[in-house]
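So the structure is just underneath, and the comments pick up after that.
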Amino acid sequence: MGESVDADRAGLSLVLVVTIAVGYGLSALNPGGLNGLVYAGATALIMNPGHYGIRILAVTTFNNLMWWLGLIGPVELSGNNSVKSLQNLAVAVQHGSVWHAPNAITLHTLGDAYANFGGAGMTLALIIAIWLGSRRPRDRQMATQTFLPNLVNLNNATLLGLPVLFNPLLLVPFLVAPAVNIVLAWCAITWKLVPPIAYPMPRTTPGPLMAYLGTGGDWRALLLSLVCLAVSVAIYWPFIKLLNRVEGDDADET
């Protein structure tokens, strides 16, 4: 018994020493440590040459992967205050229409508007998919309790409560659903089927209404938002069913 305790202590001491060494090593490479390296890599990814739409897709997917790993928000989307968003706003105010926005394809017009309902990973769609497809009382209760925060894009409780973080069964839809929505919005805006958002919107604006309000009330933006939400629910659906099978339905749980 004493030998086992000594071995455990030695193992923990070794892990601690290695962790400290890695931390100091990362600090030597970058003053910001691990977070600084992640930020530097994300910045390099954004600045790399190539098709801008592809970069937006790559950055959003990378950001969502970091969320899934528990590194919350290493990449900040363009948002209302970016130069491109301010240029879009100025032109929309000048012409009285968002159709003339000079920067139709940005992280803000694609990611904020159509790929973040509920927050990173389109977790609002996950909530709906659980309601529709899960027979696990615990998951359904968690979905109900966290619905309102997800509606205003605050999903930390969902990420920790289900959990979503480090859950391999939910990684694929967590990355794929936002990516598919970006492609749909990218095509719709490029083909002039839907105008880009130009008016500033708070981060806590309900996800499905972000594009509708950001375009000044264009019904086509609302329709596209509902399509993106429905597609995301369909993407999450089979993984919720798989989660039921792997972890057990627990239908009789009280």
Side-chain angles (χ1 to χ4, degrees), residues 15 19 22 34-35 37-39 41-42 45 56-77 107 110-112 114-184 203-204 206-208 228-254:
V15 170
T19 302
V22 170
L34 178 59
N35 287 341
L37 288 175
V38 170
Y39 179 78
L45 179 63
I56 292 173
L57 190 62
V59 168
T60 304
T61 302
F62 173 78
N63 190 53
N64 289 338
L65 177 61
M66 293 299 100
W67 274 77
W68 182 82
L69 291 172
L71 298 173
I72 305 302
V75 181
E76 178 66 23
L77 299 183
L107 276 168
L110 297 183
D112 283 349
Y114 298 103
N116 281 327
F117 300 172
M122 282 291 289
T123 49
L124 181 61
L126 170 60
I127 295 296
I128 297 174
I130 289 174
W131 281 342
L132 296 176
S134 178
R135 289 179 290 177
R136 291 170 52 82
R138 178 187 177 279
D139 291 351
R140 293 178 63 87
Q141 181 182 16
M142 178 60 63
T144 300
Q145 291 175 342
T146 62
F147 169 70
L148 287 179
N150 273 268
L151 188 61
V152 293
N153 310 315
L154 302 174
N155 65 350
N156 288 1
T158 304
L159 297 179
L160 294 171
L162 282 176
V164 177
L165 298 182
F166 298 103
N167 189 332
L169 295 179
L170 294 177
L171 174 60
V172 172
F174 194 80
L175 300 181
V176 170
V180 170
N181 290 341
I182 284 179
V183 172
L184 291 175
R203 291 289 187 182
T204 53
C228 288
L229 182 59
V231 169
S232 298
V233 172
I235 291 173
Y236 269 107
W237 175 278
F239 292 92
I240 294 301
K241 305 300 287 186
L242 178 61
L243 195 64
N244 285 342
R245 291 198 296 270
V246 171
E247 298 187 358
D249 287 344
D250 295 335
D252 297 328
E253 180 181 316
T254 57

Do [X] and [Y] come within less than 4.5 Å of each other through their side chains, counting heavy atoms only?
X    : Y    : result
N63  : P178 : no
W67  : N156 : yes
I130 : R136 : no
V172 : F239 : yes
M142 : D139 : no
F166 : L171 : no
L159 : F174 : yes
I240 : L126 : yes

Problem set entry | side-chain contact (heavy atoms from CB on, under 4.5 Å) involving T61 - partner list, sequence neighbours excluded | L175, A179
For this session: Go through the structure and list residues passing side-chain contact (heavy atoms from CB on, under 4.5 Å) with W237, not counting sequence neighbours.
Result: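 W237: side-chain contact (heavy atoms from CB on, under 4.5 Å) contacts with L132, K241.
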Mind checking side chain to side chain donor-acceptor pair (under 3.5 Å) for [X] and listing every partner two or more places apart, or none if nothing turns up?
X    : answer
N153 : none
N150 : T123, T158
T204 : none

For a quick test of reading the model, state the closest non-hydrogen atom pair linking [X] to [Y] and the distance between them.
X    : Y    : result
L229 : P208 : CD2-CG, 4.3 Å
W68  : V164 : NE1-O, 3.2 Å
I182 : A115 : CG1-CB, 3.8 Å
W131 : R140 : O-NH1, 2.6 Å
Y114 : F117 : CA-CE2, 3.9 Å
T146 : P149 : O-CD, 3.3 Å

Seminar exercise, completed: Rounding to 0.5 Å, atoms CG (N116) and OG1 (T60) come to a distance of 7.5 Å
Exercise. Within the side chain of N155, is there an N or O that forms a donor-acceptor pair under 3.5 Å with the backbone of A120?
Worked result: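 Present.
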Exercise. Side chain of R138, backbone of L162: donor and acceptor closer than 3.5 Å?
Worked result: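 Yes; judged by distance alone, with no hydrogens or angles, the pair exists.
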For this session: Let me see the working for R203 and L154 under side chain to side chain contact (heavy atoms under 4.5 Å, CB included), right down to the final yes or no.
Result: CA-CA 9 Å; R203 291 289 187 182; L154 302 174; over 6 Å; no
For this session: Enumerate the residue pairs fulfilling side-chain hydrogen bond (donor to acceptor under 3.5 Å, both in side chains) with a member in residues 172-181, sequence neighbours excluded, ordered by first and then second residue.
Result: N181-S232
